[in-house]
Amino acid sequence: MEIGDRNLKTNLYNGEILTSETYGNGLSNEYIYDENQNIIAQNINGNLAYEWYYDDEGDILSHKDLINNNSFTYEYIDGNLHTVNADNGFKISCSETDDKYTISYTNGNVTKTQDTIYDNVEEVNTDEFIPINSTINLISGGKLLNVMLSEETEERTIYSNENSILNSIYKYSDNGIN
């Protein structure tokens with residue numbers, strides 16, 4: 001990438017896989033892959049900075065951040081990512097039922113949870129559910145209420161302390177959102 005006669009960034013590829021980036025200031029990133037094209041290491045300015053480890057299905061089992069001396073482990077349920085644990089006490093996890101999706105963030109002894117609750121769920125096919133109405137309990141303590149008014153129209157309202165602070169109407173068409 002260039003602006004005028006100054007080169008801001010140069011990317012090198014092996015086929016479609018990015019193998020290195022060099023910036024105009026001389027900083028560089030090198031990416032190393034396994035035989036399945038999973039990234040297994042990243043060097044920054046010639047120094048090993050990150051490593052990734054995978055299971056036989058190609059799911060990440062762990063990730064090492066050598067710069068910040070932190071490691072992450074990944075847990076799966078039925079092939080879906082469920083939890084990421086960090087050595088420094090940070091954890092993110094998710095769970096889902098037919099009418100609720102929950103994300104929990106834990107940092108040390110503090111846990112924050114965000115729930116998305118679906119009402120009037122309509123089954124579209126055996127693999128997919130479309131929420132007609134949903135309430136998202138935000139980490140900040142507020143709520144986001146989504147109401148599908150029709151197939152093409154959705155109303156979103158953000159509440160803080162039970163007071164509406166923002167209301168938006170989205171109209172969907174083949175040309176995008178209006």
Side-chain angles (χ1 to χ4, degrees), residues 1-118 127-131 134-144 146 156 158 170 176-177:
M1 176 188 321
E2 295 179 2
I3 295 182
D5 61 352
R6 179 160 178 164
N7 186 356
L8 298 179
K9 182 179 173 187
T10 301
N11 293 335
L12 295 179
Y13 294 87
N14 181 1
E16 293 184 14
I17 298 176
L18 179 65
T19 58
S20 70
E21 304 167 302
T22 303
Y23 296 90
N25 62 2
L27 297 177
S28 65
N29 293 308
E30 177 188 15
Y31 304 99
I32 302 163
Y33 300 87
D34 64 14
E35 64 277 357
N36 296 316
Q37 299 180 344
N38 296 314
I39 187 169
I40 58 171
Q42 179 183 351
N43 294 325
I44 298 177
N45 297 324
N47 298 309
L48 183 61
Y50 304 103
E51 294 179 316
W52 290 265
Y53 301 89
Y54 299 84
D55 63 16
D56 292 339
E57 284 81 43
D59 294 323
I60 299 174
L61 292 175
S62 64
H63 167 75
K64 289 185 180 180
D65 176 346
L66 302 170
I67 295 171
N68 296 301
N69 195 28
N70 200 9
S71 294
F72 303 84
T73 56
Y74 298 75
E75 299 172 15
Y76 299 84
I77 295 178
D78 297 327
N80 296 310
L81 182 61
H82 179 266
T83 305
V84 178
N85 292 296
D87 287 348
N88 65 3
F90 181 78
K91 175 181 177 179
I92 183 169
S93 62
C94 57
S95 62
E96 186 171 20
T97 63
D98 287 342
D99 63 350
K100 184 177 177 182
Y101 183 78
T102 301
I103 300 175
S104 297
Y105 305 88
T106 302
N107 194 5
N109 295 325
V110 177
T111 299
K112 299 283 187 172
T113 301
Q114 176 174 311
D115 295 318
T116 302
I117 302 166
Y118 301 111
D127 298 326
E128 182 180 1
F129 289 86
I130 294 182
S134 68
T135 302
I136 301 174
N137 296 314
L138 303 172
I139 291 172
S140 63
K143 291 184 180 185
L144 170 61
N146 291 319
R156 294 182 183 174
I158 297 176
Y170 297 85
I177 300 173

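When reading the values below, keep in mind they use all heavy atoms of this one structure, side chains included, and skip hydrogens, waters and symmetry mates. What you see is a predicted model, and the numbers here were worked out from it, not measured in a lab.
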Using 0.5 Å steps for rounding, measure from the [atom1] atom of [X] to the [atom2] atom of [Y].
X: T19; Y: E30; atom1: OG1; atom2: CD; value: 7.5 Å
X: D34; Y: I39; atom1: CG; atom2: CD1; value: 10.0 Å
X: N45; Y: Y23; atom1: CG; atom2: OH; value: 10.5 Å
X: I77; Y: E75; atom1: CD1; atom2: CD; value: 8.0 Å
X: W52; Y: F72; atom1: CH2; atom2: CZ; value: 10.5 Å
X: Y76; Y: H82; atom1: OH; atom2: NE2; value: 13.0 Å

Heavy-atom closest pair (L18 atom, L12 atom, distance to 0.1 Å) is CD1-O, 3.5 Å
Specify the closest pair of heavy atoms between N29 and I44, including all atoms of both residues, with the distance to one decimal.
->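 Scanning both residues completely, I find the closest heavy atoms to be OD1-CG1, 3.3 Å.
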Taking side chain as C-beta onward, heavy atoms only, is [X] less than 4.5 Å from [Y]?
X: L81; Y: Y74; value: yes
X: N107; Y: Y105; value: no
X: Y54; Y: I40; value: yes

May I have all residue pairs that pass salt bridge (Lys or Arg N to Asp or Glu O under 4.0 Å) and include part of residues 15-25, sequence neighbours excluded?
->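 Only K9-E21 qualify under salt bridge (Lys or Arg N to Asp or Glu O under 4.0 Å).
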Name all residues meeting the ring-ring contact (aromatic ring centres under 6.0 Å, His included) criterion together with Y50; count only those two or more places apart in sequence or in a different chain, and write none if there are none.
->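 Listed in chain order: H63.
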Return yes when atom CG of N14 has more than 12 non-hydrogen atoms of other residues, nucleotides or ligands closer than 6.0 Å, and no otherwise.
-> no
Would you confirm whether [X], through its side chain, and [Y], through its main-chain N or O, come within 3.5 Å as a donor-acceptor pair?
X: N70; Y: D87; answer: yes
X: Y101; Y: C94; answer: no
X: T102; Y: S95; answer: no

Who pairs with N68 by side chain to side chain donor-acceptor pair (under 3.5 Å), at least two apart in sequence or on another chain?
->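 Checked N68 against side chain to side chain donor-acceptor pair (under 3.5 Å); matches are D65.
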